[in-house]
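Let me begin by presenting the structure, written as C-alpha coordinates, before commenting on it.
What you see is a predicted model, and the numbers here were worked out from it, not measured in a lab.
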Amino acid sequence: MSGLRVRPAGRHALLVELPDGERTGALHAELLRRRAAGTLAPVAEIVPGACTILLDGVRDPAALSRQLTSLDVPSTARAEGDVVTIPVVYDGPDLADVAALWGVAEDEVPALHASFTYRVAFCGFAPGFGYLTGLPEPLHVPRRDTPRTRVPAGAVALAGPYSAVYPRATPGGWQLIGSMPDPSVLWDPDREQAALLSPGTRVRYRSVPS
Amino acid sequence: MSVKLTVVRPGALTTVQDAGRPGHAHLGVPRSGALDAPAMRLANRLAGNPEGAAVLETTLTGCALRPDHPVTVVVGGAPCPVTVDGRPAPWGAPVHVPAGSVLDAGPATRGLRSYLAVTGGIAVDPVLGSRATDLLSGLGPAPLAEGAVLPVGAPPVPSPALPAAAPWLAPPTELVLPVHLGPRTDRFTPAGVRTFLSASFTVSSHSNRIGLRTEGPSLERESAGELPSEGMVLGAVQVPPDGRPVVFLHDHPTTGGYPVIAVVAEESLAAAAQAVPGTPVRFTAGR
(Lines give C-alpha, C1' and ligand atoms only; values in the text may rest on other atoms or scores of the structure.)
Protein backbone atom coordinates (compact mmCIF):
# COMPACT_ATOMS: atom_id res chain seq x y z
CA MET A 1 0.00 0.00 0.00
CA SER A 2 1.50 3.33 -0.99
CA GLY A 3 1.98 6.18 1.47
CA LEU A 4 2.19 3.75 4.34
CA ARG A 5 4.93 4.03 6.92
CA VAL A 6 5.62 1.38 9.54
CA ARG A 7 7.13 2.52 12.84
CA PRO A 8 8.34 0.25 15.66
CA ALA A 9 6.40 0.42 18.94
CA GLY A 10 8.44 -1.82 21.19
CA ARG A 11 9.51 -5.33 20.31
CA HIS A 12 6.04 -6.73 19.76
CA ALA A 13 4.08 -3.93 18.11
CA LEU A 14 4.02 -1.83 14.96
CA LEU A 15 2.47 1.57 14.43
CA VAL A 16 1.34 1.91 10.83
CA GLU A 17 1.03 5.53 9.75
CA LEU A 18 -1.15 6.60 6.81
CA PRO A 19 -1.62 9.88 4.99
CA ASP A 20 -5.25 10.40 6.02
CA GLY A 21 -8.26 8.99 7.84
CA GLU A 22 -9.83 7.56 4.68
CA ARG A 23 -6.87 5.34 3.91
CA THR A 24 -6.58 4.43 7.59
CA GLY A 25 -10.18 3.21 7.50
CA ALA A 26 -9.54 1.29 4.29
CA LEU A 27 -6.45 -0.46 5.67
CA HIS A 28 -8.26 -1.20 8.94
CA ALA A 29 -11.13 -2.86 7.06
CA GLU A 30 -8.65 -4.85 4.96
CA LEU A 31 -6.72 -6.00 8.05
CA LEU A 32 -9.94 -7.18 9.72
CA ARG A 33 -10.93 -9.07 6.54
CA ARG A 34 -7.53 -10.73 6.37
CA ARG A 35 -7.53 -11.60 10.06
CA ALA A 36 -10.98 -13.18 9.69
CA ALA A 37 -9.76 -15.10 6.64
CA GLY A 38 -6.64 -16.25 8.46
CA THR A 39 -4.28 -14.61 5.99
CA LEU A 40 -2.82 -12.01 8.35
CA ALA A 41 0.32 -12.77 10.37
CA PRO A 42 -0.73 -13.36 14.01
CA VAL A 43 -1.53 -10.15 15.91
CA ALA A 44 -3.33 -9.77 19.25
CA GLU A 45 -4.78 -6.28 18.89
CA ILE A 46 -5.63 -4.03 15.94
CA VAL A 47 -6.15 -0.53 17.30
CA PRO A 48 -6.91 2.23 14.81
CA GLY A 49 -6.18 5.88 15.58
CA ALA A 50 -6.92 8.99 13.53
CA CYS A 51 -4.23 8.31 10.89
CA THR A 52 -2.55 5.22 12.32
CA ILE A 53 -3.21 1.59 13.09
CA LEU A 54 -1.44 0.01 16.05
CA LEU A 55 -0.76 -3.70 15.69
CA ASP A 56 0.05 -5.06 19.15
CA GLY A 57 1.03 -8.54 20.26
CA VAL A 58 2.82 -9.26 16.99
CA ARG A 59 4.82 -12.48 16.94
CA ASP A 60 7.05 -11.53 14.01
CA PRO A 61 7.11 -7.74 13.47
CA ALA A 62 9.60 -7.90 10.58
CA ALA A 63 7.44 -10.36 8.62
CA LEU A 64 4.25 -8.41 9.30
CA SER A 65 5.96 -5.18 8.29
CA ARG A 66 6.89 -6.75 4.93
CA GLN A 67 3.35 -8.02 4.46
CA LEU A 68 1.92 -4.54 5.16
CA THR A 69 4.07 -2.69 2.69
CA SER A 70 3.12 -5.11 -0.08
CA LEU A 71 -0.65 -5.07 0.67
CA ASP A 72 -2.97 -4.00 -2.10
CA VAL A 73 -5.65 -1.86 -0.45
CA PRO A 74 -8.26 0.43 -2.02
CA SER A 75 -7.71 4.07 -1.03
CA THR A 76 -11.16 4.46 0.53
CA ALA A 77 -13.07 2.21 2.89
CA ARG A 78 -15.82 0.30 1.16
CA ALA A 79 -19.19 0.76 2.81
CA GLU A 80 -19.94 -2.59 4.38
CA GLY A 81 -22.21 -3.98 7.05
CA ASP A 82 -25.25 -2.59 8.76
CA VAL A 83 -25.72 1.05 9.60
CA VAL A 84 -26.37 1.79 13.28
CA THR A 85 -29.01 4.48 13.78
CA ILE A 86 -28.72 6.72 16.82
CA PRO A 87 -31.85 8.64 17.82
CA VAL A 88 -31.07 12.17 18.99
CA VAL A 89 -33.09 14.81 20.78
CA TYR A 90 -31.41 17.97 19.52
CA ASP A 91 -31.59 20.01 22.71
CA GLY A 92 -27.91 20.41 23.64
CA PRO A 93 -26.67 23.50 25.51
CA ASP A 94 -24.24 24.38 22.68
CA LEU A 95 -26.78 24.17 19.85
CA ALA A 96 -26.85 27.96 19.39
CA ASP A 97 -23.04 28.20 19.37
CA VAL A 98 -22.76 25.40 16.80
CA ALA A 99 -25.48 27.01 14.65
CA ALA A 100 -23.50 30.26 14.70
CA LEU A 101 -20.25 28.46 13.79
CA TRP A 102 -22.02 26.63 10.96
CA GLY A 103 -23.74 29.82 9.79
CA VAL A 104 -27.22 28.33 9.93
CA ALA A 105 -30.31 28.86 12.04
CA GLU A 106 -30.51 26.84 15.25
CA ASP A 107 -33.45 24.77 13.99
CA GLU A 108 -31.45 23.77 10.89
CA VAL A 109 -28.69 22.05 12.86
CA PRO A 110 -30.59 18.75 13.47
CA ALA A 111 -31.39 18.09 9.81
CA LEU A 112 -27.89 19.04 8.72
CA HIS A 113 -26.15 16.95 11.38
CA ALA A 114 -28.42 13.98 10.63
CA SER A 115 -27.90 14.23 6.87
CA PHE A 116 -24.49 12.54 6.78
CA THR A 117 -23.40 8.93 7.15
CA TYR A 118 -20.64 8.66 9.70
CA ARG A 119 -18.00 6.01 10.33
CA VAL A 120 -16.35 5.11 13.64
CA ALA A 121 -12.72 5.98 12.92
CA PHE A 122 -11.43 4.81 16.29
CA CYS A 123 -12.37 4.42 19.96
CA GLY A 124 -10.70 5.78 23.05
CA PHE A 125 -11.18 8.16 25.96
CA ALA A 126 -13.66 5.73 27.60
CA PRO A 127 -14.94 2.22 26.84
CA GLY A 128 -17.40 2.47 23.95
CA PHE A 129 -16.55 6.08 23.10
CA GLY A 130 -16.28 6.21 19.30
CA TYR A 131 -14.75 9.02 17.27
CA LEU A 132 -17.07 9.36 14.25
CA THR A 133 -15.85 10.94 11.04
CA GLY A 134 -18.03 12.04 8.13
CA LEU A 135 -18.77 15.66 8.93
CA PRO A 136 -17.54 17.81 6.02
CA GLU A 137 -14.68 20.14 6.86
CA PRO A 138 -16.66 23.43 6.82
CA LEU A 139 -18.75 22.01 9.68
CA HIS A 140 -15.79 21.18 11.92
CA VAL A 141 -16.02 23.15 15.18
CA PRO A 142 -13.43 23.80 17.90
CA ARG A 143 -13.65 22.38 21.40
CA ARG A 144 -15.09 24.68 24.05
CA ASP A 145 -12.59 27.03 25.70
CA THR A 146 -13.50 25.69 29.11
CA PRO A 147 -14.29 21.97 29.39
CA ARG A 148 -17.36 20.98 31.37
CA THR A 149 -16.68 19.06 34.57
CA ARG A 150 -19.59 16.78 33.74
CA VAL A 151 -21.02 15.83 30.37
CA PRO A 152 -24.05 13.55 30.85
CA ALA A 153 -24.27 10.04 29.40
CA GLY A 154 -25.89 10.10 25.97
CA ALA A 155 -24.68 13.61 25.10
CA VAL A 156 -24.21 13.99 21.33
CA ALA A 157 -21.17 16.13 20.76
CA LEU A 158 -18.89 17.67 18.17
CA ALA A 159 -15.18 18.58 18.21
CA GLY A 160 -12.86 19.09 15.25
CA PRO A 161 -13.54 16.50 12.57
CA TYR A 162 -15.37 14.24 15.04
CA SER A 163 -18.83 13.57 16.32
CA ALA A 164 -19.47 11.31 19.32
CA VAL A 165 -22.01 10.08 21.84
CA TYR A 166 -20.83 9.91 25.46
CA PRO A 167 -21.42 6.35 26.77
CA ARG A 168 -21.39 7.65 30.34
CA ALA A 169 -20.98 10.86 32.29
CA THR A 170 -17.43 12.23 32.19
CA PRO A 171 -15.73 15.61 32.04
CA GLY A 172 -15.50 16.86 28.46
CA GLY A 173 -14.78 19.84 26.26
CA TRP A 174 -16.85 18.98 23.20
CA GLN A 175 -19.80 21.04 21.88
CA LEU A 176 -23.04 19.42 23.01
CA ILE A 177 -25.84 19.55 20.44
CA GLY A 178 -28.22 16.90 21.69
CA SER A 179 -28.77 13.71 23.60
CA MET A 180 -29.53 10.08 22.93
CA PRO A 181 -32.65 9.03 24.87
CA ASP A 182 -31.29 5.62 25.99
CA PRO A 183 -27.48 5.71 26.12
CA SER A 184 -27.22 2.37 28.00
CA VAL A 185 -27.07 0.53 24.65
CA LEU A 186 -23.73 2.22 23.82
CA TRP A 187 -21.77 0.11 26.31
CA ASP A 188 -22.94 -3.15 27.85
CA PRO A 189 -20.10 -5.47 28.91
CA ASP A 190 -22.62 -8.31 29.42
CA ARG A 191 -23.56 -8.22 25.72
CA GLU A 192 -21.55 -10.28 23.26
CA GLN A 193 -20.51 -7.06 21.49
CA ALA A 194 -19.94 -4.78 24.47
CA ALA A 195 -19.62 -1.61 22.38
CA LEU A 196 -22.41 -0.52 20.03
CA LEU A 197 -19.86 1.54 18.10
CA SER A 198 -16.60 -0.17 17.20
CA PRO A 199 -14.03 0.95 14.63
CA GLY A 200 -15.47 0.72 11.11
CA THR A 201 -19.14 0.84 12.19
CA ARG A 202 -21.26 3.14 10.01
CA VAL A 203 -23.65 5.44 11.86
CA ARG A 204 -26.64 7.65 11.04
CA TYR A 205 -28.22 10.08 13.48
CA ARG A 206 -32.01 10.47 13.45
CA SER A 207 -33.77 13.47 14.97
CA VAL A 208 -36.50 12.46 17.42
CA PRO A 209 -38.89 14.62 19.49
CA SER A 210 -38.06 15.14 23.16
CA MET B 1 -19.29 -23.65 51.66
CA SER B 2 -18.47 -20.34 50.16
CA VAL B 3 -15.88 -18.22 51.89
CA LYS B 4 -16.26 -14.49 52.27
CA LEU B 5 -13.59 -11.98 53.27
CA THR B 6 -14.53 -8.83 55.14
CA VAL B 7 -12.23 -5.88 54.62
CA VAL B 8 -11.05 -4.75 58.06
CA ARG B 9 -8.49 -2.24 56.79
CA PRO B 10 -8.47 -1.35 53.07
CA GLY B 11 -5.10 0.43 53.09
CA ALA B 12 -4.22 3.36 50.85
CA LEU B 13 -5.39 1.66 47.64
CA THR B 14 -6.16 -2.02 47.37
CA THR B 15 -7.70 -3.39 44.18
CA VAL B 16 -8.69 -6.76 42.77
CA GLN B 17 -6.32 -7.75 39.97
CA ASP B 18 -5.71 -10.67 37.65
CA ALA B 19 -4.20 -11.03 34.19
CA GLY B 20 -6.41 -8.18 32.98
CA ARG B 21 -8.57 -7.82 29.89
CA PRO B 22 -6.29 -7.53 26.87
CA GLY B 23 -7.87 -7.71 23.43
CA HIS B 24 -10.34 -4.83 23.81
CA ALA B 25 -8.02 -1.85 23.25
CA HIS B 26 -9.81 -1.05 19.97
CA LEU B 27 -12.97 -0.37 22.03
CA GLY B 28 -11.13 1.99 24.39
CA VAL B 29 -10.78 -0.63 27.14
CA PRO B 30 -7.44 -0.57 29.00
CA ARG B 31 -5.72 -3.90 29.55
CA SER B 32 -5.54 -3.46 33.35
CA GLY B 33 -4.37 -6.39 35.51
CA ALA B 34 -1.64 -6.80 38.14
CA LEU B 35 1.20 -4.29 37.70
CA ASP B 36 3.73 -6.77 39.09
CA ALA B 37 2.46 -9.73 37.10
CA PRO B 38 5.30 -12.13 38.06
CA ALA B 39 4.57 -11.49 41.76
CA MET B 40 0.86 -12.16 41.20
CA ARG B 41 1.60 -15.40 39.36
CA LEU B 42 4.03 -16.61 42.02
CA ALA B 43 1.65 -15.76 44.89
CA ASN B 44 -1.08 -17.69 43.09
CA ARG B 45 1.13 -20.73 42.53
CA LEU B 46 2.12 -20.79 46.20
CA ALA B 47 -1.57 -20.57 47.11
CA GLY B 48 -2.37 -23.50 44.80
CA ASN B 49 -4.29 -21.32 42.35
CA PRO B 50 -4.03 -21.02 38.58
CA GLU B 51 -1.45 -18.28 37.85
CA GLY B 52 -4.06 -15.79 36.68
CA ALA B 53 -6.55 -16.15 39.56
CA ALA B 54 -7.80 -12.84 40.96
CA VAL B 55 -5.69 -11.49 43.84
CA LEU B 56 -5.54 -8.28 45.86
CA GLU B 57 -2.95 -5.66 44.95
CA THR B 58 -2.09 -3.28 47.79
CA THR B 59 -0.29 0.05 47.62
CA LEU B 60 2.38 0.86 50.20
CA THR B 61 0.25 0.39 53.34
CA GLY B 62 -1.10 -3.15 52.85
CA CYS B 63 -4.56 -4.22 54.01
CA ALA B 64 -6.32 -6.48 56.52
CA LEU B 65 -9.05 -9.07 55.96
CA ARG B 66 -11.24 -11.34 58.10
CA PRO B 67 -12.49 -14.60 56.53
CA ASP B 68 -15.72 -16.22 57.76
CA HIS B 69 -14.29 -19.70 57.11
CA PRO B 70 -10.68 -20.93 57.29
CA VAL B 71 -8.63 -19.89 54.26
CA THR B 72 -5.07 -20.09 53.00
CA VAL B 73 -3.45 -16.82 51.96
CA VAL B 74 -0.07 -16.05 50.42
CA VAL B 75 1.25 -12.50 50.75
CA GLY B 76 3.88 -11.77 48.12
CA GLY B 77 5.19 -8.95 45.98
CA ALA B 78 6.53 -6.09 48.10
CA PRO B 79 7.85 -7.55 51.38
CA CYS B 80 5.79 -6.58 54.43
CA PRO B 81 5.10 -7.82 57.95
CA VAL B 82 2.29 -10.39 57.95
CA THR B 83 0.25 -11.16 61.06
CA VAL B 84 -2.75 -13.31 61.98
CA ASP B 85 -4.60 -11.84 64.97
CA GLY B 86 -1.42 -9.90 65.70
CA ARG B 87 0.87 -12.93 65.70
CA PRO B 88 3.69 -12.94 63.14
CA ALA B 89 3.14 -15.12 60.08
CA PRO B 90 5.42 -15.75 57.09
CA TRP B 91 5.59 -13.52 54.04
CA GLY B 92 5.89 -15.29 50.68
CA ALA B 93 4.50 -18.60 51.94
CA PRO B 94 1.05 -20.09 52.60
CA VAL B 95 -0.56 -18.83 55.79
CA HIS B 96 -3.60 -20.55 57.30
CA VAL B 97 -6.13 -18.05 58.59
CA PRO B 98 -8.80 -19.47 60.91
CA ALA B 99 -12.43 -18.37 60.58
CA GLY B 100 -12.93 -14.97 62.21
CA SER B 101 -9.21 -14.21 62.52
CA VAL B 102 -7.69 -11.10 60.97
CA LEU B 103 -4.94 -11.44 58.41
CA ASP B 104 -2.97 -8.21 58.21
CA ALA B 105 -0.48 -7.47 55.45
CA GLY B 106 1.38 -4.48 56.85
CA PRO B 107 3.13 -1.55 55.20
CA ALA B 108 5.69 -2.53 52.56
CA THR B 109 9.19 -2.52 54.01
CA ARG B 110 10.61 -2.30 50.48
CA GLY B 111 8.78 -1.84 47.21
CA LEU B 112 5.25 -0.60 46.79
CA ARG B 113 2.72 -3.29 45.89
CA SER B 114 2.05 -6.48 47.82
CA TYR B 115 -0.16 -9.26 46.45
CA LEU B 116 -2.58 -11.33 48.52
CA ALA B 117 -3.49 -14.60 46.86
CA VAL B 118 -6.30 -16.51 48.58
CA THR B 119 -6.67 -20.19 47.74
CA GLY B 120 -9.69 -20.30 45.44
CA GLY B 121 -9.11 -16.76 44.17
CA ILE B 122 -11.21 -13.61 44.65
CA ALA B 123 -14.52 -14.48 42.98
CA VAL B 124 -16.14 -11.14 42.14
CA ASP B 125 -18.08 -11.14 38.86
CA PRO B 126 -15.82 -10.78 35.82
CA VAL B 127 -16.25 -7.94 33.31
CA LEU B 128 -15.10 -8.77 29.77
CA GLY B 129 -13.45 -11.90 31.11
CA SER B 130 -11.47 -10.23 33.89
CA ARG B 131 -12.05 -9.37 37.55
CA ALA B 132 -9.44 -6.59 37.50
CA THR B 133 -10.19 -3.10 38.78
CA ASP B 134 -9.41 -0.62 36.02
CA LEU B 135 -8.89 2.77 37.64
CA LEU B 136 -8.85 4.69 34.34
CA SER B 137 -12.21 3.62 32.99
CA GLY B 138 -13.87 2.26 36.11
CA LEU B 139 -14.42 -1.32 34.93
CA GLY B 140 -14.31 -4.11 37.49
CA PRO B 141 -14.90 -3.89 41.24
CA ALA B 142 -14.38 -0.66 43.17
CA PRO B 143 -11.17 -0.34 45.22
CA LEU B 144 -11.53 -2.00 48.63
CA ALA B 145 -13.40 -0.06 51.31
CA GLU B 146 -13.70 -0.83 55.02
CA GLY B 147 -16.48 -3.33 55.62
CA ALA B 148 -16.66 -4.49 52.01
CA VAL B 149 -17.17 -8.23 51.55
CA LEU B 150 -15.32 -10.21 48.89
CA PRO B 151 -16.36 -13.70 47.77
CA VAL B 152 -13.69 -16.39 47.48
CA GLY B 153 -13.92 -19.12 44.85
CA ALA B 154 -13.85 -22.84 45.51
CA PRO B 155 -10.29 -24.17 46.01
CA PRO B 156 -8.95 -25.85 42.87
CA VAL B 157 -9.50 -29.63 42.98
CA PRO B 158 -7.19 -31.45 42.96
CA SER B 159 -5.00 -28.80 44.50
CA PRO B 160 -1.63 -28.68 42.72
CA ALA B 161 1.37 -29.55 44.87
CA LEU B 162 2.56 -26.36 46.48
CA PRO B 163 6.19 -25.36 46.06
CA ALA B 164 7.70 -24.90 49.50
CA ALA B 165 9.27 -21.57 48.64
CA ALA B 166 10.37 -19.61 45.60
CA PRO B 167 12.72 -16.75 44.87
CA TRP B 168 11.18 -13.27 44.71
CA LEU B 169 12.70 -10.34 42.91
CA ALA B 170 13.87 -7.62 45.25
CA PRO B 171 12.34 -4.19 44.64
CA PRO B 172 14.85 -2.00 42.84
CA THR B 173 17.03 0.58 44.54
CA GLU B 174 17.72 2.02 41.10
CA LEU B 175 15.26 1.41 38.28
CA VAL B 176 16.99 0.69 34.99
CA LEU B 177 14.49 0.43 32.17
CA PRO B 178 15.67 -0.95 28.81
CA VAL B 179 13.77 0.75 26.00
CA HIS B 180 13.20 0.21 22.30
CA LEU B 181 13.19 3.59 20.56
CA GLY B 182 10.14 4.68 18.57
CA PRO B 183 7.51 5.12 17.35
CA ARG B 184 7.88 8.91 17.69
CA THR B 185 11.55 9.41 18.53
CA ASP B 186 11.73 11.79 15.54
CA ARG B 187 9.50 14.24 17.41
CA PHE B 188 12.46 14.98 19.70
CA THR B 189 15.70 16.81 19.01
CA PRO B 190 18.93 14.75 19.06
CA ALA B 191 19.72 16.52 22.34
CA GLY B 192 16.33 15.48 23.69
CA VAL B 193 16.97 11.82 22.80
CA ARG B 194 20.47 12.02 24.35
CA THR B 195 18.99 13.44 27.55
CA PHE B 196 16.42 10.64 27.63
CA LEU B 197 19.08 7.93 27.31
CA SER B 198 21.69 9.44 29.61
CA ALA B 199 20.06 11.53 32.33
CA SER B 200 18.98 10.32 35.75
CA PHE B 201 15.31 10.76 36.54
CA THR B 202 13.45 9.92 39.74
CA VAL B 203 10.07 8.27 40.26
CA SER B 204 7.46 10.94 40.93
CA SER B 205 4.97 10.65 43.78
CA HIS B 206 2.26 11.35 41.18
CA SER B 207 2.75 7.88 39.71
CA ASN B 208 -0.22 5.51 39.75
CA ARG B 209 -1.58 2.42 37.98
CA ILE B 210 -1.95 4.46 34.80
CA GLY B 211 1.63 5.58 34.55
CA LEU B 212 4.98 5.88 36.27
CA ARG B 213 5.71 9.59 36.18
CA THR B 214 9.23 10.90 36.40
CA GLU B 215 10.91 14.02 37.68
CA GLY B 216 14.11 15.28 36.17
CA PRO B 217 15.24 16.98 33.00
CA SER B 218 12.74 17.96 30.35
CA LEU B 219 13.17 16.31 26.92
CA GLU B 220 13.49 18.81 24.09
CA ARG B 221 10.88 18.36 21.36
CA GLU B 222 11.49 18.94 17.65
CA SER B 223 8.06 20.48 17.37
CA ALA B 224 5.35 21.43 19.81
CA GLY B 225 1.76 20.32 19.55
CA GLU B 226 -0.07 17.05 19.71
CA LEU B 227 -0.29 14.22 17.24
CA PRO B 228 -3.65 12.97 15.99
CA SER B 229 -4.79 10.31 18.49
CA GLU B 230 -2.95 7.02 18.03
CA GLY B 231 -2.88 3.65 19.76
CA MET B 232 -0.64 3.27 22.82
CA VAL B 233 1.13 0.09 23.95
CA LEU B 234 1.88 -1.06 27.49
CA GLY B 235 5.27 0.36 28.46
CA ALA B 236 5.03 3.31 26.08
CA VAL B 237 7.12 6.26 27.29
CA GLN B 238 4.86 9.18 26.53
CA VAL B 239 6.20 12.70 26.82
CA PRO B 240 3.63 15.38 27.67
CA PRO B 241 4.30 19.09 27.02
CA ASP B 242 6.28 19.45 30.28
CA GLY B 243 8.91 17.15 28.69
CA ARG B 244 9.00 14.63 31.56
CA PRO B 245 8.65 10.99 30.49
CA VAL B 246 5.67 8.95 31.71
CA VAL B 247 5.89 5.14 31.44
CA PHE B 248 2.45 3.69 30.71
CA LEU B 249 1.42 0.94 33.12
CA HIS B 250 -1.56 -1.44 32.89
CA ASP B 251 -4.43 1.06 33.30
CA HIS B 252 -3.05 3.34 30.56
CA PRO B 253 -5.38 4.96 28.01
CA THR B 254 -5.64 2.99 24.78
CA THR B 255 -5.10 6.04 22.56
CA GLY B 256 -3.28 9.30 23.12
CA GLY B 257 -1.85 12.33 21.38
CA TYR B 258 1.48 12.97 23.08
CA PRO B 259 4.52 11.54 21.33
CA VAL B 260 5.96 8.21 22.49
CA ILE B 261 9.75 8.43 22.42
CA ALA B 262 10.33 4.75 23.24
CA VAL B 263 8.76 1.62 24.70
CA VAL B 264 9.96 -0.13 27.87
CA ALA B 265 10.34 -3.90 27.56
CA GLU B 266 7.37 -5.57 29.26
CA GLU B 267 9.54 -7.75 31.52
CA SER B 268 10.91 -4.59 33.17
CA LEU B 269 7.50 -3.23 34.13
CA ALA B 270 7.23 -5.37 37.28
CA ALA B 271 10.26 -3.54 38.68
CA ALA B 272 8.70 -0.22 37.63
CA ALA B 273 5.55 -1.19 39.56
CA GLN B 274 7.60 -1.69 42.72
CA ALA B 275 9.71 1.49 42.52
CA VAL B 276 8.78 3.86 45.33
CA PRO B 277 8.67 7.63 44.71
CA GLY B 278 12.20 9.05 44.75
CA THR B 279 13.79 5.92 43.25
CA PRO B 280 16.38 6.90 40.61
CA VAL B 281 15.41 5.89 37.05
CA ARG B 282 17.54 5.49 33.97
CA PHE B 283 16.42 4.57 30.47
CA THR B 284 18.87 2.51 28.44
CA ALA B 285 18.73 1.71 24.74
CA GLY B 286 18.07 -1.99 24.41
CA ARG B 287 17.74 -4.05 21.34
To the nearest 0.5 Å, what is the distance between CG on A/D56 and CZ on B/R31? 6.0 Å
Interchain contact, B/D134 with chain A, by part (heavy-atom threshold 4.5 Å): neither
Please flag which part of A/A126 lies under 4.5 Å from any non-hydrogen atom of chain B: side chain, backbone, both or neither. backbone
Here the gap from B/M232 atom CE to A/L54 atom CG, rounded to the nearest 0.5 Å, amounts to 9.0 Å
Applying a strict 4.5 Å limit to non-hydrogen atoms, the region of B/A265 in contact with chain A is both
Please check if the number of heavy atoms outside A/R148 that lie under 6.0 Å from its CZ is greater than 12. yes
Report which part of B/P22 has an atom under 4.5 Å of a heavy atom belonging to chain A: side chain, backbone, both, or neither. both
Would you say A/R143 has more than 12 foreign heavy atoms packed within less than 6.0 Å of its CZ? no
If I measure from the heavy atoms of chain B, does A/R5 come under 4.5 Å with its side chain, its backbone, both, or neither? side chain
Any B/R184 side-chain heavy atom under 4.5 Å of A/E17 side chain: yes
Where do A/P199 and B/L27 come nearest, in terms of heavy atoms and distance? CD-CD2, 4.3 Å
Under 4.5 Å heavy-atom distance to chain A, tell me which part of B/V233 shows up: side chain, backbone, both or neither. both
Give the minimum heavy-atom separation between B/V29 and A/W187, together with the two atoms involved. CG2-CH2, 3.5 Å
Answer with side chain, backbone, both or neither: which region of B/L181 has an atom nearer than 4.5 Å to a non-hydrogen atom of chain A? backbone
Check whether more than 12 heavy atoms from other residues, nucleotides or ligands sit under 6.0 Å from atom CZ of A/R7, and answer yes or no. yes
Relative to chain B, which of A/G49, A/G124, A/P127 shows the most heavy atom pairs under 4.5 Å? A/P127
Considering only heavy atoms from C-beta outward, does the side chain of B/E266 approach that of A/R11 to under 4.5 Å? no
Which is it for B/H24 and A/C123 under the side-chain contact (heavy atoms from CB on, under 4.5 Å) test, yes or no, and what are the steps along the way? CA-CA 10 Å; B/H24 306 282; A/C123 292; over 6 Å; no
Quick one: OG1 on B/T254 to CZ on A/F129, what's the gap to the nearest 0.5 Å? 11.5 Å
Can you tell me how far the OG atom of B/S229 sits from the CZ atom of A/F122, to the nearest 0.5 Å? 4.0 Å
If you tally heavy-atom pairs under 4.5 Å between each of B/G256, B/P183, B/A262 and chain A, the highest tally belongs to B/P183
Does atom CZ of A/R34 have more than 12 heavy-atom neighbours from other groups under 6.0 Å away? yes
When you measure from the side chain of A/E45 to the backbone of B/A25, do you find a donor-acceptor pair of N or O atoms at a distance under 3.5 Å? yes
Provide the closest heavy-atom pair for B/G231 versus A/V47 in the form atom of the first, atom of the second, distance. CA-CG1, 4.3 Å
If you count the non-hydrogen atoms of other residues, nucleotides and ligands that lie under 6.0 Å from NE2 in A/H140, is the total more than 12? yes
Contact class of A/L15 relative to chain B, heavy atoms under 4.5 angstrom: side chain
